[in-house]
Amino acid sequence: MSTEDHPAPRSLAEALRGRDDTALGALLRSRPDLITPVPTDLTQLATRAGTRASVVRALERLDRFALQTAEALAVAGDPASYDELLGLMAGDDRDPEVAAALPAALAALREQALVWGADDRLRLVRTARELLAPSPQHPSPTGLGPSVREATAGMSPGRIQEIVAAVGLPSTHDSVSAVQALAALFTHRKKMARLLAAAPAESREVLERLMWGPPYGQVTHDPAARLRWLLDRGLLLPTAPGTVVLPREVALHLRAGRAHRAPEPVPPAVPAASAHRPQVVDATAAGQAYTALATVEELLTDWNEGGPPVLRAGGLSVRDLKRTAVALDLPEPVAAFWVELAYAAGLLASDGEADERYAATPAYDEWLERPAPERWALLAQTWLTATRTSGLVGGRDAKERALSALGPGLDRSAAPEVRHRVLALLAALPEGAAPDPEAVLARLRWERPLRGAQGTPSAQGQRTEEDLRARLARWTLAEAELLGMTGRGALSAHGRALLGAHTEKAPRTEPHGPGDKLPFHHHRAPGALEPLSPAEQAVAAAAAARLLAPLLPEPLDHVLLQADLTAVAPGPLQRPLAAVLGVLADVESKGGATVYRFTPASVRRALDAGRTAADLHAFLAAHARTPVPQPLAYLIDDVARRHGRLRVGAASAYLRCDDDTVLNEILADKRAAPLRLRLLAPTVLASQADPAALLDGLRAMGYAPAAESADGDVLITRADAHRTPPRTPPEPVPDGPPMPDATLLSAAIRAIRAGDLASTAPRRPADPAAPRPAPGELPRTSSAETLATMQAAVLTGEALWIGYVNAEGAASQRVIAPVRVEGGFVTAYDHTADEVRTYPLHRITGVAELASD
């Protein structure tokens with residue numbers, strides 16, 4: 001078709017108007033901030049796409065080569081041709097690798113509405129040009145300086161003529177033509193080569209130092225000869241007193257036309273640094289997965305009666321985190337990871353009491369009842385999408401406040417994206433292969449150039465952002481290993497299955513020609529997560545659990561008793577057995593086998609919980625694969641014989657014992673002085689201490705007292721589980737507006753198209769002599785004219801253009817086809833909303849017929 005049939009767009013709005021629904025949908029998916037709220041028409045969409053905040057966000061989500069392409073367009077002409085852009089990217093020698101990758105990069109910029117126009121008139125969106133173009137305040141990442149025209153803007157005409165004469169060009173009558181002639185010389189390869197060939201060697205060295213940037217230099221009031229030669233010929237131009245700059249055209253000639261020293265058209269490879277048999281990887285990962293479940297159980301069992309108090313500012317104190325790390329026998333950063341993961345999964349929360357403490361939630365009890373593979377899948381899926389970042393614990397925020405576990409300030413919206421990209425790169429390797437972490441970091445830096453990189457709008461904080469993204473990637477590799485997603489650095493089969501639902505929607509990106517149409521999902525931001533439905537999440541979790549199940553060890557129903565008062569559990573124990581053994585004995589060491597030690601205190605703890613000596617003997621005989629050692633049987637009988645001989649009750653407290661000699665021993669013991677005991681009867685002592693303090697004091701003295709009830713019975717002190725009220729897990733903090741689903745996208749495109757039809761449809765004024773209303777201007781007619789026009793349209797079936805103000809006072813313009821007018825209302829088919837609606841006539845500002853053309 002001819003260009004007359006399809007003229008070149010004159011604005012971004014016209015370029016968007018020429019897109020089909022597929023291309024428009026691709027734009028809204030790649031830049032979801034443009035659809036929040038839904039624009040009224042394509043003009044508003046184009047305006048929003050050109051705002052600074054939206055452009056900055058779009059630039060930050062480009063890969064490195066697409067960003068380099070945008071940077072090259074920022075230093076090219078406006079508009080630029082594709083050949084000019086190719087020269088800036090591939091150089092005079094037309095690097096074939098760059099030339100092959102450039103069409104796809106340009107297509108990505110077009111898709112995201114950062115570039116518009118045909119190949120012979122490419123235009124970078126004005127805001128992007130302002131952000132990426134060179135300036136003294138914000139140097140370009142290309143290292144290029146201003147053009148000859150820009151650098152000579154404040155120079156006197158006489159000085160310009162002197163430069164023109166010095167380079168052998170004829171003088172002109174005006175400065176504009178002189179500057180054009182000078183720029184033409186600097187862009188002519190052969191003439192420029194002859195000019196530089198005549199330059200002194202010292203002058204060429206100056207140019208080479210400035211060639212790749214920064215292009216600015218300092219000169220004295222009386223420049224040296226090598227600098228004077230360059231200044232006289234305009235190869236260096238003054239920008240301020242004592243400052244000179246290398247013009248862009250000169251630098252490009254010295255660079256053989258390249259805008260960048262090192263274009264990066266191809267992402268860095270992520271090779272396998274080591275390889276293991278997939279069975280070894282899966283077994284290692286499964287072992288870690290089981291350890292993860294055991295660690296979370298141990299953590300919440302430790303907090304069963306109420307965990308650490310909540311700080312006034314929120315979170316755990318440093319001391320409580322250290323205490324938790326010691327209890328779990330883990331380093332503090334790892335303990336913080338498990339605490340945060342349990343919190344993100346909704347298994348623990350604050351109880352909300354006046355003396356607020358952390359405790360397990362009712363969801364924890366439900367979680368315990370599920371099979372082990374399902375419990376792991378819940379933890380892993382929570383980790384994949386959580387924005388809370390435990391690696392920040394112990395650091396400080398922007399206001400130099402300490403960041404504590406479970407406290408505020410730990411959310412990082414980039415965390416899910418980085419985790420997903422790291423694991424996706426592992427998934428792309430052969431099964432059993434583990435990458436070099438540095439290769440993963442290099443690939444991530446290419447796929448998503450760092451926010452705040454030199455030349456982008458947010459230069460401040462570059463180092464902070466760079467460190468955060470690199471640390472997130474390193475934390476991901478370490479946490480995936482802790483959780484059992486990976487084994488020996490390679491992605492496991494169950495980890496691959498859990499990740500599958502997140503990666504299957506990510507499209508493959510293939511190179512396209514400059515004018516090719518793009519598929520709907522082409523060039524989505526690397527690592528962008530598609531919103532998953534609950535059904536998709538359930539499918540992924542079920543697949544991962546199915547693969548993990550045969551790899552987890554079966555819980556054992558026995559232990560091995562030893563003569564040194566220890567018991568060895570050669571593997572994981574069934575939960576009832578582990579619960580009783582955890583009360584009867586203390587854990588001495590953990591690992592592949594867990595060692596429990598029996599002590600007088602641990603046996604007394606079991607007796608306090610309501611067990612009798614006979615119960616304990618029967619329990620050990622039923623669950624021991626070895627005979628019960630004699631020392632252990634003696635220990636249980638000895639503690640049981642002394643247990644309960646002393647009885648403590650409430651007076652403030654009293655102490656009674658059938659053996660008066662025991663009471664006399666206690667009275668004579670100096671350690672009993674703080675208890676302030678006195679003899680009431682031969683078998684009863686009274687104390688001013690409360691019963692709990694009396695129990696603790698006597699136990700510290702080596703006795704085995706038992707508490708008794710008001711009826712005189714032994715009081716069983718079984719630990720009661722403390723639970724919070726039902727809590728919802730913390731919501732991840734989104735990284736900007738969510739990606740629209742297909743339903744929202746389709747409705748939004750229909751609304752934008754209809755609104756654009758209403759705003760651009762030609763209108764016929766009521767008075768033929770009057771000019772047509774300007775686009776965007778609401779029609780204004782009297783109530784009588786509005787009513788008459790509506791009634792006439794009902795008879796003729798014509799469509800009308802109306803202005804409408806809703807109940808909130810928001811004005812809009814619509815194209816409607818009236819069906820009925822009665823009772824002060826008009827019922828019409830609204831082309832803008834694509835449905836039949838009823839409008840009050842008093843809210844219609846005016847009406848106009850659509851022009852026949």
Is there a donor in the side chain of Thr387 and an acceptor in the side chain of Asp411, or the other way round, less than 3.5 Å apart? yes
Any non-hydrogen side-chain atom of Tyr596 less than 4.5 Å from a side-chain atom of Glu588? no
Just checking, any donor-acceptor pair under 3.5 angstrom between side chains of Asp320 and Ser317? yes
Using a strict 4.0 Å threshold on nitrogen-to-oxygen distance, state whether Asp608 and Arg605 make a salt bridge. no
State, with a plain yes or no, whether a side-chain heavy atom of Arg488 is found less than 4.5 Å away from one of Val280. yes
Would you call Tyr654 and Leu685 a side-chain contact if the rule is heavy atoms closer than 4.5 Å? no
Quick one: does His420's side chain get under 4.5 Å of Leu384's, heavy atoms only? no
In the structure I gave you, are the side-chain heavy atoms of Thr361 and Pro726 within less than 4.5 Å of one another anywhere? no
Side chains of Arg419 and Glu479 in contact at under 4.5 Å (non-hydrogen atoms): yes
Establish, from distance only, whether the side-chain atoms of Thr566 and Gln562 form a donor-acceptor pair under 3.5 Å. yes
Side-chain H-bond candidate by donor/acceptor type, Asp615 with Thr612, under 3.5 Å: yes
Side-chain touch Leu620/Phe598, heavy atoms, less than 4.5 angstrom: yes
Is any side-chain heavy atom of Thr683 closer than 4.5 Å to a side-chain heavy atom of Cys657? no
What's the verdict on side chain to side chain contact (heavy atoms under 4.5 Å, CB included) for Leu423 and Leu491, showing C-alpha distance, side-chain angles and the deciding distance? CA-CA 7 Å; Leu423 295 177; Leu491 192 63; 4.2 Å; yes
Is Glu431 paired with Arg277 through a side-chain N to carboxylate O contact shorter than 4.0 Å? no
If we count only N and O atoms by modelled type, under 3.5 Å, do the side chains of Asp557 and His623 hold a donor and an acceptor together? no
What residue pairs, at least two apart or across chains, pass salt bridge (Lys or Arg N to Asp or Glu O under 4.0 Å) with a residue in residues 360-374? Asp365-Arg723, Arg370-Glu374
Ala490 and Ala434 have their tightest heavy-atom pair at N-CB, 3.8 Å
